[in-house]
Amino acid sequence: MKISDLPPSELKARLKGEGVCLKTGPFVVRLQSGISFVFEAVKNLYADFLIAEPKGFVDFHASVRTPRGLRHWVRPQALFESDGDAPFHPMPLRLSVPLLEWGLNWCVAARAHRYLMIHAAVLERGGKALVIPAPSGTGKSTLCA
């Protein structure tokens with residue numbers, strides 16, 4: 001079954017409740033959120049993704065929710081959590097969808113090293129390559145130029 005096969009009301013209820021188990025590549029993510037931006041994104045952007053069995057194995061438990069307290073009402077924010085940890089500071093509510101994407105990428109980078117990609121620049125000379133791995137913005141491209 002695909003996300004698009006679920007009626008919108010059932011998708012929204014699952015997201016708010018026990019979550020939706022999305023198959024994303026080699027991973028299964030149980031996603032929970034009561035934020036309307038996230039519901040719309042899952043409905044539209046993940047429409048062709050398969051839904052995994054809710055009782056089966058899940059690689060990551062992820063949620064995007066509004067923090068409790070004053071920020072719930074004044075300048076609302078979104079908070080990404082994975083398996084009970086919040087690796088990022090809360091962000092403005094309008095950024096809840098990018099926060100979800102960044103959070104899912106973080107889950108893979110932090111916990112699935114078998115599938116990890118390296119952010120790097122590469123120089124080639126005479127059929128040999130030099131790989132320069134480093135975080136974004138550290139000057140790899142400048143050095144290569």
What is the distance from atom [atom1] of [X] to atom [atom2] of [Y], rounded to the nearest 0.5 Å?
X	Y	atom1	atom2	answer
Leu15	Phe39	CG	CZ	7.5 Å
Leu31	Leu100	CG	CG	5.5 Å
Leu143	Leu123	CG	CG	7.0 Å

Which pair of non-hydrogen atoms, one from [X] and one from [Y], has the smallest distance, and what is that distance?
X	Y	value
Ala47	Lys2	O-CB, 3.7 Å
Pro67	Gln77	CD-O, 3.1 Å
Gln32	Gly17	NE2-O, 2.6 Å
Thr138	Ala134	OG1-CB, 3.3 Å
Leu99	Ala78	CD2-O, 3.5 Å

Got a sec, which pairs hit ring-ring contact (aromatic ring centres under 6.0 Å, His included) with one end in residues 126-145, sequence neighbours left out?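 Applying ring-ring contact (aromatic ring centres under 6.0 Å, His included) to every pair that reaches into residues 126-145, excluding sequence neighbours, yields nothing.
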Arg30 side chain to Pro54 main-chain N or O, any donor-acceptor pair under 3.5 Å?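 Yes, the answer is positive, given that a donor and an acceptor are paired below the 3.5 Å cut-off.
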Any donor and acceptor pair, going by atom type alone, linking the side chain of Ser63 with main-chain N or O of Arg65 inside 3.5 Å?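 A pair under 3.5 Å: no.
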Could you see if [X] belongs to whatever hydrophobic cluster contains [Y]? Use Ile, Leu, Val, Met, Phe, Trp, Tyr and a side-chain cutoff under 4.5 Å.
X	Y	answer
Phe57	Ile51	no
Leu50	Tyr46	no
Val42	Val58	no

Pair [X] + [Y], salt bridge at N-O below 4.0 Å:
X	Y	value
Lys128	Glu124	no
Arg111	Asp59	no
Lys43	Asp5	no

Could you walk me through whether Trp102 and Phe80 pass side-chain contact (heavy atoms from CB on, under 4.5 Å), step by step? CA-CA 9 Å; Trp102 297 327; Phe80 177 84; over 6 Å; no
Let's go through Arg14 and Leu6 carefully: what are the C-alpha distance in whole Å and the side-chain angles of both, what is the deciding distance for side-chain contact (heavy atoms from CB on, under 4.5 Å) to 0.1 Å, and is it a yes or a no? CA-CA 10 Å; Arg14 283 193 191 187; Leu6 282 178; 3.9 Å; yes
Under the salt bridge (charged side-chain N to carboxylate O under 4.0 Å, His left out) test, residues paired with Arg94 that sit two or more places apart: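 Residues passing salt bridge (charged side-chain N to carboxylate O under 4.0 Å, His left out) with Arg94: none at all.
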With a 4.5 Å heavy-atom cut-off, do [X] and [Y] have their side chains touching?
X	Y	value
Thr24	Leu104	no
Leu79	Val64	no
Val28	Leu22	no
Ser96	Met91	no

Could you pull out all residues at least two apart from Phe37 that satisfy ring-ring contact (aromatic ring centres under 6.0 Å, His included)?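 Per chain and number, Phe37 pairs via ring-ring contact (aromatic ring centres under 6.0 Å, His included) with no residue.
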Should the ring pair Phe88 and Trp106 be called parallel, tilted or perpendicular, given that the plane angle runs from 0 to 90° and is split at 30 and 60?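 Ring orientation, 0 to 90° scale: perpendicular.
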Could you check Ile132 against Val122 for side-chain contact (heavy atoms from CB on, under 4.5 Å), going step by step and ending with a plain yes or no? CA-CA 6 Å; Ile132 306 170; Val122 179; over 6 Å; no
So for atom NZ, which belongs to Lys140, do other residues, nucleotides or ligands contribute more than 12 heavy atoms lying within a distance under 6.0 Å?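 Atom NZ in Lys140 is crowded, with more than 12 foreign heavy atoms closer than 6.0 Å.
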One pair to check against side-chain contact (heavy atoms from CB on, under 4.5 Å): His119 and Ser136. What are the steps and the verdict? CA-CA 7 Å; His119 185 84; Ser136 224; 3.6 Å; yes
